[in-house]
S.K.: 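This is the structure, below, for whatever I ask next.
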Amino acid sequence: MTAPLRVVVLGAGTVGREVVRALLERGDALRPADGAALELAGVTVRDLAKAVAGGIPEALLSDAPAHLVADPDVDVVVELMGGDEPARTLIAAALGAGKPVVTANKHVLAHHGAELEAIARRTGAALRFEAAVGGGIPVLTSLAADLASNEIERVRGIVNGTTNYILSAMASEGRAYADVLADAQRAGYAEADPSADVEGLDAVNKLVILARLAFGAWLDPAEIPNRNGGDPPGITGVTQADLAAAGESGLAIKLIAEAARGEAGAGDTIQAGVSSVALSQWSELAWIGGVTNCIEFDAVPLGRVGFTGPGAGGPATASAVLGDLLAIARGGGSTWAGLPEAGSGRVATLARKDSFDAPSGARYPVLP
Ligand SMILES: NC(=O)c1ccc[n+]([C@@H]2O[C@H](COP(=O)([O-])OP(=O)(O)OC[C@H]3O[C@@H](n4cnc5c(N)ncnc54)[C@H](OP(=O)(O)O)[C@@H]3O)[C@@H](O)[C@H]2O)c1
């Protein structure tokens with residue numbers, strides 16, 4: 001019989017606490033028929049008292065993540081702390097020691113993906129990150145594995161639930177941006193500092209990860225525009241009047257992340273960008289409301305395929321993290337398993353041309 005895999009979870013916030021709860025309460029069920037059992041060996045947080053009050057057994061808790069990562073009795077590391085450091089160093093240390101890592105950290109992947117992929121390939125440790133894009137939607141493994149026989153020509157989608165919630169509420173309730181943002185913060189849909197979401201930087205990070213799997217290169221997030229031309233970044237310039245005018249013309253304004261192969265002869269250039277655009281009401285993306293995410297791939301020969309579902313929230317995101325853990329328990333490789341090693345790609349600004357008849361005076365590129 002295969003020995004259980006001893007798992008540590010770094011971070012027990014919105015996502016981590018759901019992963020910990022599932023491993024404690026459903027541990028027996030979370031065992032693949034053809035793989036190892038998963039045993040929760042430890043949980044790290046900064047505030048131990050808060051975690052105990054939240055129901056995590058004291059005996060499992062520690063505030064020393066580096067110590068647990070280095071512990072020879074630990075087999076798998078789940079990083080759910082978020083942010084840049086110490087998450088990056090801890091993931092690198094685990095992979096360097098040959099330990100598989102599961103993370104939901106889109107920031108670390110977008111900014112240090114090439115370095116982490118190199119370490120994982122050198123040691124043979126798996127790095128899985130399904131939860132980093134689209135929360136609970138099984139989009140990355142589908143792209144990397146199930147669509148592997150296709151050539152991906154374009155990726156586009158609504159990848160940030162916070163901004164989609166704000167735009168949807170402004171459009172349907174006729175309310176102002178600042179008013180809806182304040183509500184979203186109270187409801188827990190937006191952070192106290194919402195800039196990464198509303199300025200499109202979170203969407204840029206997710207686009208880097210999608211582009212790695214779709215086009216085989218780690219793009220530099222700093223090179224990907226988070227606005228169209230001279231517009232304000234992300235959704236920060238969208239007004240209630242813009243949404244009302246778009247609605248009257250049968251259009252919906254959405255924050256869209258998009259990456260496509262460069263024009264023929266443009267070498268390894270990838271056109272990429274995140275910006276507020278107006279979508280035709282015939283576009284499936286126009287109908288995506290609230291915190292839901294939707295990601296579409298134009299694949300050859302398959303055609304267009306889309307993935308829609310809960311893009312954030314503890315239980316939804318934990319579903320993707322646990323799926324990755326089960327894959328590791330079955331001996332599965334990294335999320336990019338089977339794809340060629342990543343190169344580095346050059347970014348060309350995505351030209352947002354009006355693709356069909358736009359109403360006169362439209363402030364946004366109008367996409368079909
Ligand atoms: N929330 C979502 O819906 C969602 C969706 C998709 C992906 N993600 C990603 O999932 C990850 C976790 O997000 P979250 O929303 O669960 O975050 P969160 O609620 O802020 O929880 C973060 C956890 O990590 C701990 N932590 C943070 N910094 C630490 C440090 N320097 N040292 C030790 N512990 C530290 C915190 O401990 P204390 O509480 O004790 O400070 C807390 O337990 C992020 O990468 C995020 O981008 C989240």
Side-chain angles (χ1 to χ4, degrees), residues 1-65 67-69 71-82 87 90-91 94 99-106 126-141 161 187-189 291-293 309-332 335:
M1 200 171 132
T2 323
L5 287 179
R6 290 175 56 79
V7 178
V8 292
V9 179
L10 313 182
T14 305
V15 182
R17 105 168 58 89
E18 296 298 328
V19 171
V20 167
R21 182 179 301 158
L23 289 171
L24 290 175
E25 294 176 3
R26 300 193 281 126
D28 288 345
L30 290 172
R31 174 179 188 158
D34 56 353
L38 298 166
E39 184 182 310
L40 184 61
V43 180
T44 72
V45 294
R46 281 178 295 206
D47 185 339
L48 294 168
K50 186 175 81 178
V52 171
I56 298 179
E58 199 167 355
L60 286 174
L61 282 165
S62 156
D63 58 3
H67 181 75
L68 279 196
V69 167
D71 185 339
D73 287 338
V74 167
D75 302 309
V76 183
V77 173
V78 179
E79 185 279 310
L80 297 169
M81 305 159 79
L90 292 165
I91 295 171
K99 298 181 186 186
V101 173
V102 176
T103 181
N105 194 329
K106 56 251 178 175
L127 175 57
R128 297 190 68 94
F129 45 89
E130 180 61 66
V133 179
I137 309 171
V139 64
L140 297 183
T141 307
Y189 294 143
V291 294
T292 302
N293 284 191
T317 309
S319 161
V321 172
L322 292 163
D324 275 345
L325 266 177
L326 288 168
I328 284 169
R330 302 182 65 209
T335 300

S.K.: Can you name the residues that form a salt bridge (charged side-chain N to carboxylate O under 4.0 Å, His left out) with D34, not counting sequence neighbours?
M.R.: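 For D34, the residues satisfying salt bridge (charged side-chain N to carboxylate O under 4.0 Å, His left out) (neighbours in sequence not counted) are R330.
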
S.K.: Taking the side chain as every heavy atom from C-beta outward, state whether V74 and V69 have any atom pair closer than 4.5 Å.
M.R.: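 Result no, sub-4.5 Å side-chain heavy-atom pair not found.
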
S.K.: Could you list the residues that satisfy side-chain hydrogen bond (donor to acceptor under 3.5 Å, both in side chains) with T103, not counting sequence neighbours?
M.R.: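 By the side-chain hydrogen bond (donor to acceptor under 3.5 Å, both in side chains) rule, T103 matches E79.
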
S.K.: Work out which heavy atom in G134 is nearest to a heavy atom in N293; give both atom names and the distance.
M.R.: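 Closest heavy-atom pair between G134 and N293: CA-OD1, 3.6 Å.
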
S.K.: Might you point out which heavy atoms bring A104 and L80 nearest each other, and give the distance in Å?
M.R.: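 Smallest heavy-atom distance, with atoms named: CB-CD2, 3.6 Å.
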
S.K.: Taking all non-hydrogen atoms of both residues, which atom of A3 and which atom of A36 are closest, and how far apart?
M.R.: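 Residues A3 and A36, closest heavy atoms: O-CB, 3.5 Å.
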
S.K.: Please list, chain by chain and in numerical order, all residues satisfying salt bridge (charged side-chain N to carboxylate O under 4.0 Å, His left out) with K99, sequence neighbours excluded.
M.R.: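 Per chain and number, K99 pairs via salt bridge (charged side-chain N to carboxylate O under 4.0 Å, His left out) with no residue.
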
S.K.: Kindly list each side-chain donor-acceptor pair under 3.5 angstrom involving residues 311-324, sequence neighbours excluded, with atom names and distances?
M.R.:
from	atom 1	to	atom 2	distance (Å)
T317	OG1	G313	O	2.7
D324	OD1	R128	NE	3.0
D324	OD2	F129	N	3.3
D324	OD2	E130	N	2.9

S.K.: Mind listing the closest non-hydrogen atom pair of G309 and T292 along with its distance?
M.R.: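 Answer, listing the atom of G309 first, then T292: O-CG2, 3.4 Å.
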
S.K.: Report, one line per pair, each donor and acceptor closer than 3.5 Å where one atom sits in a side chain of residues 50-64; sequence neighbours left out.
M.R.:
from	atom 1	to	atom 2	distance (Å)
S62	OG	A64	N	2.8

S.K.: Find the distance between OG1 (T44) and NE2 (H67) and round it off to the nearest 0.5 Å.
M.R.: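 The NE2 atom of H67 is 11.5 Å from OG1 of T44, to the nearest 0.5 Å.
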
S.K.: Name the atoms and distances for all side-chain donor-acceptor pairs under 3.5 Å in residues 4-27, with sequence neighbours left out.
M.R.:
from	atom 1	to	atom 2	distance (Å)
R6	NE	D73	O	3.1
R6	NH1	E39	OE2	2.7
E18	OE2	R21	NH1	3.4

S.K.: What's the separation between atom CG in N105 and atom CD1 in I91, rounded to the nearest 0.5 Å?
M.R.: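 Going from CG on N105 over to CD1 on I91, the span is 5.5 Å.
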
